[in-house]
There are 2 protein chains.
Amino acid sequence: MASQKNGKKISIQTVERLSIYRKILEELHDEGVTHIYSHQLAKLVGVTPAQLRRDLASFGSFGNISKGYNVYQMILTLSRLLGTDTIQPVALVGMGNLGRAILAYRGFEERGFHIAVIFDVDSEKVGRVFAGRRCFHLKDLETVLPDYQPTIAILACGAQGLQNIVDRLGKSGVRGIINFVPKKITPVRGMYLEDVDISAKMEKISFLLRAKSGEGN
Amino acid sequence: MASQKNGKKISIQTVERLSIYRKILEELHDEGVTHIYSHQLAKLVGVTPAQLRRDLASFGSFGNISKGYNVYQMILTLSRLLGTDTIQPVALVGMGNLGRAILAYRGFEERGFHIAVIFDVDSEKVGRVFAGRRCFHLKDLETVLPDYQPTIAILACGAQGLQNIVDRLGKSGVRGIINFVPKKITPVRGMYLEDVDISAKMEKISFLLRAKSGEGN
DNA sequence: GTCTGTGAAGCTCTTCACAGCG
DNA sequence: CGCTGTGAAGAGCTTCACAGAC
């Protein structure tokens, strides 16, 4: 999928773990830990030491054989890889309960994602300012977006006309989409889509519980 | 992982697609479609026909060689597998913005998941009734839960003391957890855990955009 | 001809196990 | 001794391609 300068490949599964590594490493850094061994870090994040070493080796080697991994250096590298070393403007579509929750969530800002602009179709919300962000009408998407230039958009709106919104976002330069709406959409060429389907998660758990097998860990 | 009566295995990846299949099939059923071919359904859900056939074959055969798959029969089977043919009580921990969004989300009830009881620690919220559900103080978890007997809990609260909440939920009979809190928890034996980390999703997209490669679809 | 179900191949990700270093 | 980085093996998932049914 994605490859690094050194010619090695970073698998999609590895990428999904990178965020977790960075998060734990930041906690360690705050505690004053400067170096850590793979088996220690692996235990903290919940993966095997072998997998952790393989993951980290896929984008460079930080391991000192006697001291373990350099915590700070890894945070820097991970942040650069994950694009959280700069502030990225994000557009939020839909200002219902979920939109409000997303806007209120501090985790985004901490990691460099700044929700810069909001869209909705409800006249109750359009024109208002939520936590410092103005809410525009969805129909003005094309004229408003250039002022904020978000590369990522979060969809937390109703299901109807969703694909059309995606297409319009794509034409306005949005390259990544997080979709909370339980409706299948097709990303435009070059766009990256990530679905978050909470019902699907519930059903997955429900299936696993019903299938019993008594594992789960 | 989980195996079916007929001895075949249903992979975890297949399970994650089952919800999507069912959802699309229900839409088709509402439109009056009684049978559908794998390539048609595959296109609607966004997988390859081969994968769809393999998935469906893993828990029984519904395909009629000339007519395709029986829509209604598949919905029934999928619902039984996913445990959405009966109503399942769910506990919600945390009544902030996210908790409110989850409570307001109609998709759960439609699929048989009923948020039956809410917990929080905020005295502003404890004792109040939200959308028909009483909010109890978290300290009363053990005395309140038996009245509702949820098998699944949704965590949408603060990070501190989270593991302790998980342990207590486990002791009170909760078997599955959906965790929205960006904090690593360890499920108790026999418990199944599903994390929903929105920041991680953002970072994944951010990585893929930065890694460029111009794919994404 | 078109369809499903499936063996077999291909691909990806994880784990093992050890060389090399300190 | 214990550590990292990695070839090689293993496990799991997807795709190919076709037999068999209509």
Side-chain angles (χ1 to χ4, degrees), chain A residues 1-18 20-21 25 33-71 73-74 77 204 207-208 211 213 215 217, chain B residues 1-18 20-21 25 33-71 73-74 77 204 207-208 211 213 215 217:
Chain A
M1 281 278 162
S3 61
Q4 283 312 108
K5 299 88 197 156
N6 55 19
K8 296 186 181 180
K9 293 244 187 93
I10 300 185
S11 77
I12 198 73
Q13 313 277 339
T14 297
V15 173
E16 299 196 340
R17 286 186 291 267
L18 257 39
I20 309 170
Y21 296 158
L25 285 165
V33 179
T34 62
H35 292 78
I36 190 167
Y37 296 124
S38 65
H39 65 269
Q40 298 173 314
L41 183 53
K43 183 146 199 179
L44 287 172
V45 303
V47 298
T48 63
Q51 181 161 77
L52 177 62
R53 291 202 301 276
R54 174 84 57 193
D55 281 347
L56 296 184
S58 70
F59 55 89
S61 298
F62 306 98
N64 178 303
I65 291 182
S66 54
K67 293 194 289 180
Y69 291 86
N70 182 320
V71 172
Q73 194 184 344
M74 275 175 61
T77 305
K204 180 181 169 188
F207 172 89
L208 291 164
S213 32
E215 34 176 15
N217 185 20
Chain B
M1 281 274 161
S3 60
Q4 283 311 108
K5 299 88 195 157
N6 55 20
K8 296 187 183 179
K9 294 246 187 90
I10 299 186
S11 79
I12 198 74
Q13 313 277 340
T14 297
V15 174
E16 299 196 340
R17 285 187 291 268
L18 256 40
I20 309 170
Y21 296 159
L25 284 165
V33 179
T34 61
H35 291 79
I36 190 166
Y37 295 124
S38 65
H39 66 268
Q40 297 173 314
L41 183 53
K43 182 145 202 183
L44 287 172
V45 302
V47 298
T48 63
Q51 180 162 75
L52 176 62
R53 292 201 301 275
R54 173 90 51 200
D55 281 346
L56 297 184
S58 70
F59 55 88
S61 297
F62 306 98
N64 177 302
I65 291 182
S66 55
K67 293 194 288 179
Y69 291 86
N70 183 319
V71 172
Q73 194 184 345
M74 277 176 60
T77 306
K204 180 180 168 190
F207 171 88
L208 290 164
S213 31
E215 35 178 15
N217 182 20

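So that the names make sense, note that chain A is the first sequence line, chain B the second, and so on, each numbered from 1.
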Exercise for the section: Show your working on side-chain contact (heavy atoms from CB on, under 4.5 Å) between A:Val45 and A:Arg17 and close with a plain yes or no. Expected result: CA-CA 9 Å; A:Val45 303; A:Arg17 286 186 291 267; over 6 Å; no
Expressed in angstrom and rounded to an integer, what is the separation of [X] atom [atom1] from [N] atom [atom2]?
X: A:Leu52; N: C:dC13; atom1: CG; atom2: P; value: 17 Å
X: B:Gln40; N: C:dT2; atom1: CD; atom2: P; value: 14 Å
X: A:Gln51; N: D:dG12; atom1: CD; atom2: P; value: 14 Å
X: A:Phe59; N: D:dG5; atom1: CZ; atom2: C1'; value: 14 Å
X: B:Asp55; N: D:dG12; atom1: CG; atom2: P; value: 16 Å
X: A:Lys9; N: C:dT14; atom1: NZ; atom2: P; value: 15 Å
X: A:Gln13; N: D:dA11; atom1: CD; atom2: C1'; value: 13 Å

Could you measure the distance from the [atom1] atom of [X] to the [atom2] atom of [Y]? Nearest 0.5 Å is fine.
X: B:Leu52; Y: B:Tyr21; atom1: CG; atom2: OH; value: 5.0 Å
X: B:Glu16; Y: A:Phe207; atom1: CD; atom2: CZ; value: 11.5 Å
X: A:Ile20; Y: A:Leu25; atom1: CD1; atom2: CG; value: 11.5 Å
X: B:Arg54; Y: B:Thr14; atom1: CZ; atom2: OG1; value: 9.5 Å

Practice task
Report yes or no: do B:Tyr69 and B:Asn64 form a side-chain donor-acceptor pair below 3.5 Å?
Solution key: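 No.
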Practice task
Compare side-chain N and O positions of A:Thr48 against OP1 and OP2 of C:dT15 and report whether any pair is under 4.0 Å apart.
Solution key: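 Yes.
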Kindly give the atom pairs (protein nitrogen or oxygen, nucleotide nitrogen or oxygen) under 3.5 Å for nucleotides 4-10 of chain C.
unit_1, atom_1, unit_2, atom_2, d
C:dT4, OP1, B:Ser38, N, 2.8
C:dT4, OP2, B:Ser38, OG, 2.6
C:dG5, OP1, B:Ser61, OG, 3.4
C:dG5, OP1, B:Gly63, N, 3.2
C:dG5, OP2, B:Tyr69, OH, 2.7
C:dG5, N7, B:Arg53, NE, 2.8
C:dG5, O6, B:Arg53, NH2, 2.8
C:dT6, OP2, B:Lys8, NZ, 3.1
C:dG7, N7, B:Arg54, NH2, 3.4
C:dG7, O6, B:Arg54, NH2, 2.4
C:dA8, N6, B:Arg54, NH2, 3.0

